[in-house]
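Single-structure report; data block below.
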Amino acid sequence: MTEKTKIGLDFGTTYSVLSRLKKGEDGRVQAEACALREGGEGAEIQDSMVLKDREGKLHFGTSARRKAGKKGTTAYTGFKMMLAETDAELLNQRHYDETYTPRRIISEYMNDLLTKYRIASDSEQNLIDKLVVGVPEIWFASTRTIDCRTALKEIIQSTGCVNEVEIVSEPAAACAYFVQNYFENTGEHYEGRILIIDYGGGTLDIALCDVTRNGTSGDVKVIERAGAGWNTQGRAGRAGMAFMEEIVKTALKEKGLEEAEFISDPKFSQCVQYIEQELMDRVDDIKRKFQRNMLADPETIMDVFDEVEFRYDDCEVTYGMIAKAYNQVIRDLLDEKLDKIIRYMDQKGIDYTGEGEEDNFKIALAGGFCNFYLTERQIRDKFQDIAEDKRFQNIITDRRECEKAIAYGAALIANDVVEFKSAAPYSLGFASRLDQDEPWYAIKKGDDIDYGNVKMFTGADGRELLFRGNSIPLIVFNFEEDPAYAIAREPLPQYQEKLRLEKDKIYKFGYSLDQSMVITLHKWVVPNHRHPDVVEDEVTVVLDDIYNMMGNLMVIGGEA
């Protein structure tokens, strides 16, 4: 029997990595980055970049980067962050239009990426059996990006390269990698909590994960989350990409240019890409420079880091500009989200100080932007790190491998080495009217999710609730624990017929969530209240357009 192909993918804002498992000579399982090849080229990492040349041909990854800036070319970057974007001006600034939409660019990019993998692995004739994709944690708990999971899953499946696609949160995938790494370093299975701080090109994801043993497998469960990643103030996300763009903006403005003069210029994107590469290549130089000037205001360090060329002018980028951009884009936001997760741990009595004898709390930094000195220093200062701090030990073998942690963890989840679980990031229920005091909930925020199994609407006694038909119910969501912030919406037209209730019939309902957190509503018709287990008719409805359904939000019993 042919061994099944199960791989992981980190679909990053700045680069993407595919990963698979290999067995060592000692029988242990390890993750490795997959080779990507087209013709004679091979690589383990592909830039998340697509370029359209003057003939309309699309180029991807390294090829796109090499051709960027040439006359007549159009570069597309940050397309993951544009998937849920509706601001026409921001989309236009990023060169998207009705023909070249973020969805189309992602589809073309995914097809190219997976084809390169299949060529490199000599499996062009065979489909990938399972692909686990890491996506931002914010996609699981934000009204603005909640449908991105479903959209990305559909896009990948439409390439025809994969049989099964599963979407998991990036911090959970990274946690799976760190759990496995702990075992490789110590020979012991980790049990406890890991705080994953994943700062990449487009999003900040902070997830507190609970790790337990389940036989020979480890279970990873996200129990609390904080983060940011939506596009604001013309920025693509609030992370590495926005930070690097701010550096270049600062340098160009120092030359007297107004933002409107350069923001849509393809040369601006090329300058950002250059600074991005320099920041990655010179991590140690940056660390030494800021450490040597610890007593000075970093924004006042006028030493030149590099230059960018824009319209035949050389524009200096100083270390002070880097610090200024960091303070404007990153510092306050990171501080706010770290404080949020710390408040949660304080409320739940979770010891995160590392002062006790037990080795059951870890802090793991993932994502390329966590390698940046100012980011790492701010995180360590927030948690008051000390010499030989065990909270940061035994979960990292090679600091550079943290950039691949999401892809590696996704491969471990795909092959069932580590099982991913999650607490519900929101409550799901029904209401018959807007002024209803308390909606009926099938799933409440924080509930353990049993993937694929239906959670019924039940009463205080645990028995399934029965509803007499009247009208189409309002679908209720609540992203907060406070019931006052519940929001309700009539179903979209494509759902209404299946959800229609008849006055003379009795119903029971439930919700289920799959591994990708796609929501399915279940409706059963029963003959009467004396025979609730007898089903006369059953309807299931996949709610795959939740964001649009919630476009005009109505609040039950509180203020939005």
Side-chain angles (χ1 to χ4, degrees), residues 9 11-16 36 38 46-116 133 135-136 139 144-162 165 201-202 229-232 234-237 241-242 245 259-273 492 494 544-548 551:
L9 168 63
F11 176 36
T13 304
T14 54
Y15 59 84
S16 297
L36 304 169
E38 182 176 29
Q46 173 157 299
D47 292 294
S48 295
M49 182 177 183
V50 177
L51 180 132
K52 177 166 63 73
D53 64 23
R54 65 176 69 191
E55 284 79 34
K57 180 182 178 181
L58 295 179
H59 303 264
F60 307 90
T62 304
S63 175
R65 183 179 284 276
R66 282 201 305 261
K67 297 176 184 296
K70 290 187 176 181
K71 188 175 181 180
T73 62
T74 302
Y76 300 96
T77 58
F79 28 81
K80 181 177 75 174
M81 299 304 301
M82 295 293 119
L83 188 55
E85 188 55 64
T86 57
D87 185 336
E89 183 178 352
L90 181 56
L91 288 167
N92 183 61
Q93 287 178 2
R94 307 281 166 172
H95 316 301
Y96 297 100
D97 55 30
E98 293 181 358
T99 302
Y100 292 93
T101 63
R103 190 181 183 106
R104 175 181 174 181
I105 293 298
I106 292 172
S107 179
E108 300 271 12
Y109 178 83
M110 283 293 175
N111 186 65
D112 174 80
L113 182 71
L114 296 174
T115 298
K116 286 176 179 174
V133 187
V135 300
W139 282 18
R144 187 169 183 183
T145 54
I146 193 171
D147 289 332
C148 289
R149 303 186 316 270
T150 306
L152 183 59
K153 187 173 182 178
E154 290 174 351
I155 289 169
I156 295 173
Q157 288 174 326
S158 71
T159 65
C161 297
V162 186
V165 179
W230 46 90
N231 303 325
T232 57
R235 296 186 177 117
M241 177 176 285
E245 289 183 351
E259 187 168 324
E261 296 180 65
F262 58 75
I263 191 64
S264 299
D265 193 318
K267 189 67 177 177
F268 173 72
S269 298
Q270 190 178 18
C271 291
V272 173
Q273 292 154 23
L492 291 171
Q494 63 262 38
D544 56 0
D545 203 2
I546 298 300
Y547 177 63
N548 285 333

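Hydrogens, waters and symmetry mates are skipped; everything else that's a heavy atom, side chains included, is used.
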Trace of the side chain to side chain contact (heavy atoms under 4.5 Å, CB included) decision for Leu113 with Leu9: CA-CA 10 Å; Leu113 182 71; Leu9 168 63; 3.7 Å; yes
Could you check Cys271 against Phe262 for side chain to side chain contact (heavy atoms under 4.5 Å, CB included), going step by step and ending with a plain yes or no? CA-CA 11 Å; Cys271 291; Phe262 58 75; over 6 Å; no
Distance in Å, Met49 CE paired with Thr13 OG1, rounded so as to fall on 0.5 Å steps: 14.5 Å
Note: Met110 and Leu152 closest approach over all heavy atoms is CE-CD1, 4.3 Å
What is the distance from atom CG of Leu90 to atom CD of Glu85, rounded to the nearest 0.5 Å? 4.5 Å
Who are the side chain to side chain donor-acceptor pair (under 3.5 Å) partners of Thr159, not counting sequence neighbours? none
Contact summary for Asp97 and Thr101, nearest pair of heavy atoms: O-CG2, 3.3 Å
Under the rule for side-chain contact (heavy atoms from CB on, under 4.5 Å), what residues qualify as partners of Thr74, not counting sequence neighbours? Lys52, Tyr76, His95
Please give me the minimum heavy-atom distance between Ser16 and Ser48, naming the atom from each residue. OG-OG, 3.0 Å
Looking only at heavy atoms, the pair that brings Thr77 and Tyr96 closest together is O-OH, 3.4 Å
First locate atom CG of Asn111, then atom OG of Ser158, and finally report the distance between them rounded to the nearest 0.5 Å. 8.0 Å
In chain order, what residues pass the side-chain contact (heavy atoms from CB on, under 4.5 Å) check against Lys57, with sequence neighbours excluded? Asp53, His59
Just to verify, what does Tyr100 make a ring-ring contact (aromatic ring centres under 6.0 Å, His included) with, not counting sequence neighbours? none
Find out whether Leu83 and Ile155 are in side-chain contact, i.e. whether some heavy atom of one side chain is under 4.5 Å from a heavy atom of the other. yes
Residues in side-chain contact (heavy atoms from CB on, under 4.5 Å) contact with Asp265, at least two apart in sequence or another chain: Lys267, Phe310, Arg311
Let me see the working for Asp47 and Gln273 under side chain to side chain donor-acceptor pair (under 3.5 Å), right down to the final yes or no. CA-CA 10 Å; Asp47 292 294; Gln273 292 154 23; over 6 Å; no
Less than 4.5 Å apart, any side-chain heavy atom of Leu51 and any of Arg66? no
Val135 vs Cys148 side-chain heavy atoms within contact, under 4.5 Å: no
Show the nearest heavy-atom pair for residues Phe60 and Asp112, with the distance to one decimal. CB-OD2, 3.2 Å
Expected output: side-chain Ser107 to main-chain Arg104 donor-acceptor under 3.5 Å: no
Looking only at atom types and distance, does a side-chain atom of Arg149 sit under 3.5 Å from a main-chain N or O of Trp139, one as donor and one as acceptor? yes
Just jot down the salt bridge (charged side-chain N to carboxylate O under 4.0 Å, His left out) partners of Lys153, sequence neighbours excluded, or say none. Asp514
How many angstroms lie between atom OG1 of Thr86 and atom CG of Leu91, to the nearest 0.5 angstrom? 7.5 Å
Can you tell me how far CG of Asp87 sits from CD of Gln93, rounded to the nearest 0.5 angstrom? 8.0 Å
Worked verdict on Met82 versus Ile105 for side chain to side chain contact (heavy atoms under 4.5 Å, CB included): CA-CA 10 Å; Met82 295 293 119; Ile105 293 298; over 6 Å; no
Between Lys80 (side chain only) and Phe11 (backbone N and O only), is there a donor and an acceptor less than 3.5 Å apart? yes
Kindly indicate whether the side chain of Leu114, heavy atoms from C-beta on, has any atom under 4.5 Å from the side chain of Ile156. yes
Would you say that Val272 contacts Phe268 through its side chain, given a criterion of any heavy-atom pair below 4.5 Å between the two side chains? yes
Considering residues at least two apart in sequence or located in another chain, which fulfil the salt bridge (charged side-chain N to carboxylate O under 4.0 Å, His left out) criterion with Arg103? Glu154
